[in-house]
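Everything quoted here is computed from the prediction, not taken from an experiment. Naming convention: chains lettered A, B, ... in sequence-line order (proteins, then strands); numbering from 1 in each chain.
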Amino acid sequence: MESLRKFHPQTLRLIALALVLVLTVVFFTSQIDNYFSPRMLNRITSSVAVILPIAIGQAIVVMTRNIDLSVGSLVGIVAYVMGGFIGQHQGINPAVFVVLCMLLGAFCGAINGVLVSYGRVPSIIVTLGTLALFRTYLVEYSEARTITTDSLPKWLVDLPSASVVEFGGFDIRVIVGLAVLAALVAWLALTRLRAARQFYAVGSNPDAAVFASINEARVVLIAFMISGAMAGLAGFIFLAKFGNITVVAGLGFELKSVAAVVVGGVNIFGGSGSIVGVVLGTVLVDVIDNSLIRWAVVSEFWREALLGLLIMLAVTADTLMTRSFGRLRGSQN
Amino acid sequence: SAEGVNMVLLPKFLGILPFDQANRGAEEAHKELGNTGTLQYIGPTPENSVAGQIEMLTTATTQKQAVVMLSNNAGDQIAAAAEAAQAAGTKVVTWDSPIPSGKGESVFVAQVDFGSIGVVMSDMALSLAGGAGEVAVLSATPDAANQNAWIEAMKKTLAEDAKYKDVKLVDVVYGDDQSEKSYNAALALVDKYPNLKVIMAPTTVGIAAAAKAMQDEKLCDKVKVSGLGLPAEMVSYTLNGCAPEFALWSFVDLGYLTYQVSYALATGAIKGDIGDKVKAGRMGEFTIEADPGRAGSKRVLMGPFTVYNKDNVEAASK
Amino acid sequence: MLVRLKSWEGLLVVILAVTIIANAALAPQFLTVQNQINLFQLSIEKIIVATAMTFIIINGEIDLSVASVMGLSACAFGVLVSAGVPGAVAIVLCLLLGLAAGGINAFFITVMKIPSLVVTLAMLIAFRGFARVLLEDRGLGNFPEWFSSLGRNGLIGPIPLSLIIFLMLLIGGALVLHRTGFGRKVFFIGTNAEVARYSGVNIARVKTILFAASGIISALAGLLYAARLASVRGDAAFGFELDIITMVLLGGVSIFGGRGSMLGVLLSILIVLNLRNGMALSNITGHIQTAVIGTLLILSVLGPNLIQMWSERRKAVH
Amino acid sequence: MPAPILELRNISKSFAMTAALSDVTFDVVPGEIHAIVGENGAGKSTLIKIMTGVYQPDGGEILWEGMPVSIRHTQAAQALGIAAIFQEPMVFPDLDVAENIFISHRDRGTFMDWGKLYADADALIKQLGVALDAHRPASGLTLAEQQTVEIARALSLKVKVLIMDEPTASLSAHEVERLLSIARTLKAQGVSVLYISHRLDEIFRVADRVTVLRDGKHISTKPIAAVTHEALVKDMVGRAIDTFAVKTKANPHGDTVLSVKGLVRQGVFSDVSFDLHAGEVLCFAGLVGSRRTDVGLALFGVEPATGGEISVAGKAVRIISPQQAMEQGIAYVSEDRRKLGLAMTLPIFSNISLPSLARFLKAFGWIDRTAERKVAESYRERLSIRSPNTETHVGKLSGGNQQKVMLAKWLETKPRILIFDEPTRGIDVGAKAEVHNIMRALAKEGVAIIAISSDLPEVLALADRVLVMREGRQMGIFDIADCTQESVMALATGQQELAKAS
Ligand SMILES: Nc1ncnc2c1ncn2[C@@H]1O[C@H](COP(=O)(O)OP(=O)(O)OP(=O)(O)O)[C@@H](O)[C@H]1O
Ligand SMILES: Nc1ncnc2c1ncn2[C@@H]1O[C@H](COP(=O)(O)OP(=O)(O)OP(=O)(O)O)[C@@H](O)[C@H]1O
Ligand SMILES: [Mg+2]
Ligand SMILES: [Mg+2]
């Protein structure tokens with residue numbers, strides 16, 4: 001147990017979370033035929049790909065002691081507007097298109113950010129408002145048209161089945177690669193980039209940030225822009241994956257992303273959390289969800305109840321494990 | 001006509017194509033009939049659909065609107081508000097989706113016979129499964145009254161006609177009319193039932209998401225998708241064989257007919273009794289009849305539907 | 001702070017007055033008694049729960065599960081009554097169910113020390129799931145006549161039971177929050193829980209009481225919802241939590257706890273309801289309505305902030 | 001004298017109801033230690049917040065190296081070369097000590113060099129003479145340790161003007177020594193140091209010039225050689241006062257009210273044993289981090305002991321929550337008023353009544369607001385808390401006045417045993433005497449008092465007996481008659497052999 005001492009409390013938390021994830025997978029492997037297979041891995045990874053970027057952006061906002069409830073509407077706007085745009089500009093370079101999607105997202109995120117950091121309006125109020133406003137813009141702008149698959153370039157429609165690498169039945173899809181890349185960049189930035197540490201500082205104690213000459217407003221603004229850009233990336237993946245985009249695209253993603261973030265151990269009151277945790281949290285929620293719909297024992301109508309209970313169970317197990325690790329660690333000095 | 005009749009078209013929610021098409025049909029009829037009253041197209045947001053519809057029906061009653069044309073999303077929860085509307089002199093005509101108990105409803109303008117949807121879905125399943133095999137249904141929400149009625153009708157057809165004895169309905173799942181949920185649910189069906197041949201989705205969101213899921217996972221050869229879909233959204237899947245066949249009716253016509261019936265009721269041209277005949281402009285004459293699916297309720301049957309396949313889908317998607 | 005709070009409420013009074021005057025001028029039906037009753041009735045369950053939510057947010061916590069508890073209690077009532085349980089017994093059982101739901105929340109929050117946002121987010125899913133388990137794809141109605149009539153008809157003159165309950169909770173809540181020791185503790189815990197703990201306040205007890213009360217009140221609201229609509233479905237009260245939280249926040253209650261007043265929440269409720277009603281009477285519905293309320297929410301905080309910043313800058317320049 | 005590096009001219013600043021500064025003019029020259037003194041609420045902290053861009057002045061101008069500047073935000077101050085250690089230490093609880101020190105530095109490259117970060121932090125901490133692990137998260141730090149972090153942060157910046165707002169308020173003699181010598185070193189390097197403290201002896205030891213503020217007005221700026229202790233106090237309060245509480249003879253001690261035997265908290269402190277009598281003042285002395293606060297927390301049930309016995313008035317009791325402690329008549333005045341002592345956004349009267357709320361309740365839990373306000377008002381007068389009324393929010397009071405509110409809050413519980421953690425932290429000379437008098441008066445009424453203090457002169461002035469702690473262990477209990485600054489320090493720093501020998 002001597003080794004426990006070496007770990008930071010945050011790391012203990014991650015170990016606990018990873019254990020909970022492993023237990024979940026072990027349980028469902030015993031329940032569902034053919035569960036532990038490359039195919040299932042594919043299913044889960046490509047399902048996670050949509051929500052993961054949003055969860056990462058949400059995590060960064062939450063770290064600064066804010067919340068972004070407008071992400072769902074942002075995904076809708078980006079998927080819809082950019083879907084329409086690429087319909088008109090079929091020849092656009094894919095990389096440029098992804099960047100444009102993220103820029104549109106970042107622009108909308110900047111609206112949130114300016115209101116929060118310079119207008120000094122609490123983020124929950126701002127983003128509750130823009131949640132409605134962005135969606136309204138979309139409804140008015142769309143005039144009830146649908147973006148359809150056949151208006152999109154072929155590379156985009158085929159993207160969800162395209163792989164980066166393949167080995168033994170398992171392949172890493174491009175959209176999964178994009179989401180993982182986003183996670184990797186965010187993880188590196190948050191652990192290696194000096195400026196990024198200020199997200200933690202601001203969330204940990206906003207008053208102290210002022211006294212420590214940290215430009216709190218700018219840090220918060222950037223957090224919201226990142227969240228917007230990530231929602232933009234998710235909007236792109238959403239567009240590629242579902243092809244048919246209506247004004248309801250992305251509805252309800254705000255609570256999903258908050259759930260992934262809090263299960264991933266990001267402190268809802270700001271200041272702490274890690275991208276590894278967010279990835280684990282997102283995967284955990286998605287594994288539970290995707291396993292329940294394949295579990296023959298439960299009827300269709302029990303699924304939601306079990307999903308809620310299992311999330312609660314996972315969070316509780318994680319909390320208890322983290323606490324007892326902490327106690328083991330504490331009793332050694 | 002001398003006197004204007006104020007009418008309200010109230011869809012499940014605003015912002016998607018089918019309801020907009022219905023509105024176009026209603027506006028066409030509105031102009032054609034030269035109604036000097038107003039035609040309002042109002043509706044709630046998708047996340048507030050139930051409470052919103054009840055609120056809007058109540059407000060329309062307060063406004064003393066002559067008719068509210070309602071595509072009901074609230075089930076019987078709206079019945080009380082509809083009864084209050086009728087009592088205050090505002091007629092409630094449902095279309096697309098009725099009030100299950102029929103309470104407070106003057107008449108339901110049915111797009112097609114609900115029983116016949118069961119037959120058409122069974123037929124499509126039969127042909128796509130190649131005469132025998134497993135079929136699963138991917139529906140919207142468990143609360144969607146019309147979807148539930150159609151699934152019931154399908155189950156009934158499959159059970160009663162020997163023709164379908166080799167077609168097995170293995171599961172009914174819900175995608176809540178959300179793309180990602182429907183997409184995942186479709187893939188889960190494939191994993192859960194290795195011999196699955198057809199996914200039948202009587203919802204436009206579900207069918208498109210299921211087709212895309214099969215296409216992305218390269219399963220289109222094994223599992224076919226069918227159900228009720230919009231040609232514009234389905235055209236590529238029909239052409240590439242992921243969803244070779246699906247059905248739908250014209251929402252423009254539905255809106256047009258609903259307006260015609262409602263106008264006739266509001267102006268007193270008909271009483272709304274069984275046997276009353278409505279002249280519906282370009283669509284010809286319709287008769288109010290008992291609704292076979294809902295005891296004690298009345299309907300006007302529009303019908304029929306179009307089954308779309310690679311021969312006609314492109315033309316319809318324009 | 002007190003000055004600011006007063007000015008906040010002053011601002012709300014102004015907004016309310018403008019709303020009411022505009023409504024009365026633009027919509028002739030606005031001032032009718034029936035419309036005024038409807039205005040409350042249509043959102044009565046939300047505003048009832050808003051009184052409990054005010055306590056919880058001032059206490060520095062949040063309860064996202066309220067709408068799911070409302071749905072669960074409404075569905076449980078439907079199932080109990082259709083199983084032949086007498087209505088009065090069913091009501092008591094449903095309230096106990098709400099108490100249990102609140103107790104579960106409280107257990108995880110106070111004993112397991114998991115943040116309330118996390119707990120109630122998971123329970124939002126779970127309680128809604130149980131409602132689903134109870135009703136599956138059915139809708140249930142046929143409640144005892146007295147029950148439905150309580151939900152719809154006036155009890156004292158035209159004033160229905162639910163409105164009376166709301167007023168009682170509002171006044172009782174205001175007195176408890178602002179005049180009793182319990183309310184004082186709620187404020188202290190919300191401002192700085194550690195200070196409260198070091199001052200000998202039993203934080204776990206206060207929180208348990210709050211979440212249990214929130215559970216019971218939500219269950220009660222669910223029953224009133226069932227009575228008003230005389231029918232329930234698995235999606236009853238779905239998504240109400242965001243509307244409830246919006247009303248509380250617009251009332252000047254700080255999401256970080258420790259700040260707010262029942263008067264502010266009442267004003268905010270009146271604003272939201274009147275604004276909704278006025279817009280509906282002017283046929284502004286759906287997303288635009290939500291957007292107007294969203295904008296108002298932002299502007300009501302942004303406006304005073306900008307004025308304050310501007311005057312500070314001016315002071316600094318001189 | 002060289003040209004001033006920083007000059008303030010006719011600075012005014014008022015808050016909603018109070019004029020915190022009116023027309024203040026003074027300057028700082030390179031390489032001087034410039035002390036600012038004044039009563040609680042005189043405007044010292046407000047002045048430095050203006051210099052660091054936290055507040056914007058309502059009027060007046062600031063000159064930096066002779067040029068008018070406007071310091072719009074804290075980043076602007078840092079860019080000029082002004083850094084401050086603020087009165088209320090504010091750390092980032094989720095970050096560790098090293099990151100806390102360097103978080104806002106702009107000259108450490110784009111990427112984190114974690115190794116260098118910890119090495120640099122360790123070096124700085126060592127320079128301060130404090131034992132503090134740079135890897136520890138700041139959430140577990142004592143107030144003194146937080147203050148250390150703040151000091152390290154300010155020192156690590158390349159500054160031209162360093163402002164210290166009561167940096168020694170929670171330090172013990174040992175650390176104070178280090179800090180003063182650092183101030184002198186900085187001065188030798190040409191840095192100007194602005195030094196605010198209520199401990200006048202420190203000022204006479206390090207300052208070159210001293211500025212007095214009173215009621216937000218500039219009273220005087222003089223070379224230190226030109227002022228005497230008495231004159232300074234007279235400038236501060238506007239009249240001559242007797243600044244030292246006359247050490248009354250120890251009260252006749254009554255029965256043993258609290259008896260502690262072998263108290264342990266696993267891994268924190270061990271083997272603390274003492275008896276406390278009615279009317280007695282027992283002081284806990286020790287260095288920062290010697291776990292005196294933890295003993296207090298254990299007695300108050302916040303962080304319950306894991307072993308040992310506590311008996312109150314002869315009866316063994318188990319205390320695992322503050323409620324239980326309060327039932328036994330124990331009150332604990334925390335050292336950290338911002339985080340643990342007061343609810344800053346709530347009014348004075350409700351802060352005072354909170355722990356004794358039960359006494360203000362009528363039927364149905366109804367609060368007797370008249371009684372509540374009357375009691376608060378009586379404390380406002382008795383402790384001369386500077387505020388327009390008791391409706392004022394605590395956060396708007398100056399540090400010293402907040403301390404008095406916290407005192408009032410616990411006095412109102414009418415305790416049998418009163419534990420004071422750093423009772424006069426940040427209190428001005430006049431008020432300090434007042435607090436000491438109050439404590440002695442309480443003791444006289446038969447209250448048993450434990451005072452945890454890092455201020456040795458205070459310990460010697462107050463105590464009947466002194467308990468010295470070091471690294472979680474009780475080094476001994478001494479009668480005040482046997483105590484000198486030197487002997488206590490020797491024990492606290494671990495030279496006990498030496499102490500015994502002498
Ligand atoms: N944010 C604020 N809002 C309102 N009034 C304030 C605020 N900050 C300070 N004041 C008032 O300004 C005056 C000066 O306060 P300041 O904190 O500068 O005093 P100080 O000299 O530092 O006192 P102390 O020695 O107690 O720290 C006090 O009367 C205080 O109540
Ligand atoms: N080395 C340490 N590791 C972890 N926590 C510590 C350490 N030192 C102090 N603390 C925390 O700080 C709080 C009070 O500490 P402590 O009793 O050491 O202070 P003290 O002796 O009163 O000294 P001072 O208050 O002057 O710093 C406790 O809650 C304790 O957990
Ligand atoms: Mg000060
Ligand atoms: Mg201490």
Side-chain angles (χ1 to χ4, degrees), chain A residues 62 65 67 69-70 112 115-116 118-140 247 252 254-256 258-259 261-263 265 267-269 285 289 298-316 318-320 323, chain C residues 60 62 64-65 68 72 104-105 108 112-137 234 239 241-243 245-246 249-250 254-256 286-306 308-309:
Chain A
V62 170
R65 202 178 277 193
I67 196 161
L69 295 180
S70 72
N112 287 331
L115 287 169
V116 172
Y118 296 99
R120 296 188 207 156
V121 184
S123 57
I124 188 163
I125 290 184
V126 168
T127 56
L128 260 179
T130 51
L131 161 83
L133 282 168
F134 290 154
R135 185 73 67 190
T136 305
Y137 169 77
L138 183 53
V139 171
E140 293 302 303
V247 296
E254 53 282 344
L255 286 192
K256 258 191 183 166
V258 171
V261 162
V262 293
V263 171
N267 187 344
I268 197 69
F269 304 112
V285 173
D289 199 7
V298 298
S299 91
E300 185 63 19
F301 300 107
W302 269 96
R303 254 182 37 211
E304 214 177 336
L306 285 177
L307 177 66
L309 290 182
L310 285 182
I311 291 178
M312 199 63 242
L313 188 69
V315 173
T316 310
D318 176 37
T319 310
L320 291 181
R323 229 172 266 164
Chain C
I62 195 143
L64 294 177
S65 71
S68 296
L72 179 57
I104 292 172
N105 283 336
F108 284 107
M112 305 305 296
K113 303 231 159 53
I114 300 172
S116 56
L117 182 107
V118 184
V119 172
T120 58
L121 187 58
M123 287 306 162
L124 168 141
I125 303 172
F127 293 145
R128 176 62 60 191
F130 286 122
R132 189 55 78 198
V133 169
L134 288 176
L135 283 196
E136 304 200 333
D137 57 357
E241 62 277 345
L242 279 190
D243 281 350
I245 292 169
T246 305
L249 294 184
L250 180 62
S254 162
I255 191 70
F256 302 112
H287 290 90
I288 307 237
Q289 212 182 75
T290 336
V292 169
I293 291 171
T295 311
L296 181 71
L297 189 64
I298 295 176
L299 284 184
S300 62
V301 186
L302 184 64
N305 279 358
L306 288 181
Q308 196 195 339
M309 279 181 240

Could you report the tightest heavy-atom contact between [X] and [Y], atom names first, then the distance?
{"X": "Arg323(A)", "Y": "Lys113(C)", "value": "NH2-CB, 3.6 Å"}
{"X": "Val121(A)", "Y": "Asn305(C)", "value": "N-ND2, 4.1 Å"}
{"X": "Ile125(C)", "Y": "Gly308(A)", "value": "CG2-N, 3.7 Å"}
{"X": "Leu133(A)", "Y": "Thr295(C)", "value": "CD2-OG1, 3.4 Å"}

Output the distance between atom [atom1] ([X]) and atom [atom2] ([Y]), rounded to the nearest 0.5 Å.
{"X": "Ile67(A)", "Y": "Ile255(C)", "atom1": "CD1", "atom2": "CD1", "value": "8.0 Å"}
{"X": "Phe301(A)", "Y": "Arg132(C)", "atom1": "CZ", "atom2": "CZ", "value": "7.5 Å"}
{"X": "Ile114(C)", "Y": "Met312(A)", "atom1": "CD1", "atom2": "CE", "value": "4.0 Å"}

I'd like to know which of [options] tops the heavy-atom pair count under 4.5 Å against chain A.
{"options": "Thr246(C), Thr290(C), Val118(C)", "answer": "Val118(C)"}
{"options": "Leu250(C), Asp137(C), Ile293(C), Ile245(C)", "answer": "Asp137(C)"}
{"options": "Gly286(C), Ala122(C), Ser254(C), Gly294(C)", "answer": "Ala122(C)"}
{"options": "Leu135(C), Leu249(C), Val292(C)", "answer": "Leu249(C)"}

Does any backbone or side-chain atom of [X] lie under 4.5 Å from a heavy atom of chain A? Answer side chain, backbone, both or neither.
{"X": "Met123(C)", "result": "side chain"}
{"X": "Phe127(C)", "result": "neither"}
{"X": "Leu297(C)", "result": "both"}
{"X": "Leu121(C)", "result": "side chain"}
{"X": "Leu302(C)", "result": "both"}

Heavy-atom distance under 4.5 Å to chain C: side chain of [X], backbone, both or neither?
{"X": "Phe134(A)", "answer": "neither"}
{"X": "Val258(A)", "answer": "both"}
{"X": "Ile268(A)", "answer": "side chain"}
{"X": "Leu320(A)", "answer": "side chain"}
{"X": "Leu306(A)", "answer": "neither"}

**Item:** Heavy-atom side-chain contact between Trp302(A) and Phe130(C) under 4.5 Å
**Value:** yes
Name the member of [options] that forms the most heavy-atom pairs with chain C at distances under 4.5 Å.
{"options": "Ile311(A), Leu69(A), Val139(A)", "answer": "Val139(A)"}
{"options": "Pro122(A), Ala132(A), Ser299(A), Gly252(A)", "answer": "Ala132(A)"}
{"options": "Thr316(A), Val126(A), Leu307(A)", "answer": "Thr316(A)"}

**Message:** Main chain of Val301(C), side chain of Arg120(A): is a donor-acceptor contact present, judged purely on distance under 3.5 Å?
**Reply:** no
**Check against side-chain contact (heavy atoms from CB on, under 4.5 Å), Glu140(A) and Ile288(C)** = CA-CA 9 Å; Glu140(A) 293 302 303; Ile288(C) 307 237; 3.7 Å; yes
